[in-house]
> 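If you scroll down you'll find the structure; I have some questions about it.
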2 protein chains.
Amino acid sequence: MSTSSSSRTPAAPPAPTVIVVDDDEALREALSSLFRSVGLRVELYGSAAELLAAKPPAVPRCLVLDIRLPGVSGLDFQSQIASSPMNMPIIFMTGHGDIPMTVRAMKAGAVDFLTKPFRDQDMLDAVATALENDRRQSEAEKASTDIRALYQSLTAREKEVMSLVTSGLMNKQVAAQINLSEITVKIHRGHVMRKMNAKSLADLVRMAETLGLGITKA
Amino acid sequence: MSTSSSSRTPAAPPAPTVIVVDDDEALREALSSLFRSVGLRVELYGSAAELLAAKPPAVPRCLVLDIRLPGVSGLDFQSQIASSPMNMPIIFMTGHGDIPMTVRAMKAGAVDFLTKPFRDQDMLDAVATALENDRRQSEAEKASTDIRALYQSLTAREKEVMSLVTSGLMNKQVAAQINLSEITVKIHRGHVMRKMNAKSLADLVRMAETLGLGITKA
DNA sequence: CCAAACTTCATACTTTGGTATATTTCGTGG
DNA sequence: CCACGAAATATACCAAAGTATGAAGTTTGG
């Protein structure tokens, strides 16, 4: 067993994980050995279905899979996973792939596309890049999600005022725009600042940017 | 004031251009015909050197080239062009390419990688995507460049004040931070607003974002 | 060396921004 | 029915931002 002596600390070490999906057990074991040799956690699956049944590991993580899988095609699996909470960077391996396949995979965001046999170092480099991408992506996503949650706690009026205020209008201009008195705008504005947990207008403007506010023209 | 009104058209027609580089004249002509048939401008070159000697056309434009070129490799040419003012989206064609080559090209940002023979529609789709990318990219770049120019017109003090103000500090806090009186900060701040042509603080904050201010390490 | 630009600060004043305290209206859900 | 939150508004007041005028020391390029 030899599980680590980690306790339930709030700031747990990230533990980067590589998920390998391949129907060739020998290759799975070889990759597992390779990844573990550089200190990475590894999960092995023989098919896409097995992976989907499991629960996704914590970030950072990435997927290493063969284009040719039992059941689903690797490319179909890629688009399938991209629009799921399992979404993570993918590195493809192939024994007999072709160029159109490669192009499609790369266009869909694959980190790399390695032809067997590949050099260990190439795989490790690809995995390092993938894990770093996943870390960044997940970080940005979390920040965005948090802000979006705060934003949803605003009332319709407050959202409206936030949009106009962060677009650079003065309180009196906002008031004129939506036919309110200036004092009412001030109150809504105050509520927005508190609810959004913004410490300054600059803060609020940045949040509005993240939310994509102001670009709501139709 | 001798010229009439027709000569001063601020919104000139974009005229999308496709630049084809291939040593096979027959293919060049075929592509030229294809692109012109859908209303695109076309420039033809037999080698990378010829293209580099010419002056880049106005946006939107894109490059269609064979991986195997006389002289330079298509991939080398790609990285060469990426770090030049000629930078534009690239679509590769290949008669006998391999997967590692494809991966390298796509990683370096190629829009597509077509194997000969390809369908006309595939090429046209790729070109349409490339032109749209170029338009967006060039638009974003121009906005960024303009703001950067304004920013460079600021004095050292003004840049400093802008950074602190857009990070959300009040004038008095900025003053304390850099050991000035509040009134002096107000003056610098006013100069910043005028020089940056910002109509509001929200405006200035967005410019600071574009400039990457606030992430000033070391 | 001198003019021009940069930097600093003060005083005085106006405009915005922000908060607090009330009051009124309206609609929803217990 | 009533409590409660949302919305709107007013009055009053204080804090912060912005502008104008004046002035003096420092840098810098021609």
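Every chain is numbered from 1 and lettered A, B, ... according to where its sequence line falls, protein lines coming before strand lines.
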> So, OP1 or OP2 of C:dC6: does either fall under 4.0 Å of a side-chain N or O from B:H191?
no
> So which nucleotide from C:dT7, D:dT19, D:dA7 ends up closest to the side chain of B:K186?
D:dT19
> Is A:H188 close to A:V185 at the side-chain level, that is, under 4.5 Å between some pair of heavy atoms?
no
> Which letters describe nucleotides 22-30 of chain C, given B = protein heavy atom under 4.0 Å from base, S = only from sugar-phosphate, - = neither?
---------
> How would you list, by chain and number, every residue that makes a side-chain hydrogen bond (donor to acceptor under 3.5 Å, both in side chains) with B:K199, sequence neighbours excluded?
B:D203
> Compare the minimum distances between each of D:dA12, C:dA10, D:dA17 and the side chain of B:I183, then state the nucleotide with the smallest one.
C:dA10
> Answer yes or no: does a side-chain N or O of B:T155 lie under 4.0 Å from OP1 or OP2 of C:dA5?
no
> What residues in residues 169-179 of chain A put a non-hydrogen atom under 4.0 Å from any atom of DNA chain C?
A:M170, A:N171, A:K172
> Return whichever of B:K195 or A:M193 has its heavy-atom-nearest nucleotide of DNA chain C closer to the 5' end.
B:K195
> Evaluate the salt bridge (charged side-chain N to carboxylate O under 4.0 Å, His left out) criterion for residues B:R104 and B:D76: first the C-alpha distance (whole Å), next the side-chain angles of each, then the deciding distance (0.1 Å), finally the verdict.
CA-CA 10 Å; B:R104 192 181 147 194; B:D76 290 342; 3.4 Å; yes
> Roughly how many Å is it from CG in B:L180 to P in C:dT8, rounded to a whole number?
5 Å
> Kindly say if A:R157 contacts the phosphate of D:dA6, meaning a side-chain N or O under 4.0 Å from OP1 or OP2.
no
> Give the rounded distance in Å between these two atoms: CG of A:L204 and P of C:dG17.
13 Å
> Contact class for A:T184 vs. all strands (heavy atom < 4.0 Å): base, sugar-phosphate, or nothing?
base
> Are B:R41 and B:T17 linked by a side-chain donor-acceptor pair shorter than 3.5 Å?
yes
> Taking B:L114's backbone N and O only, do any of them form a donor-acceptor pair with B:D112's side chain (distance below 3.5 Å, no angle check)?
no
> Treating A:S144 as the side-chain partner and A:A140 as the backbone partner, does any N or O pair qualify as donor plus acceptor under 3.5 Å?
no
> Are B:I19 and B:P57 packed together at the side-chain level, in the sense that at least one heavy-atom pair is separated by less than 4.5 angstrom?
yes
> Give a yes or no on this: more than 12 heavy atoms of other residues, nucleotides or ligands lie within 6.0 Å of atom CD of B:E25.
no
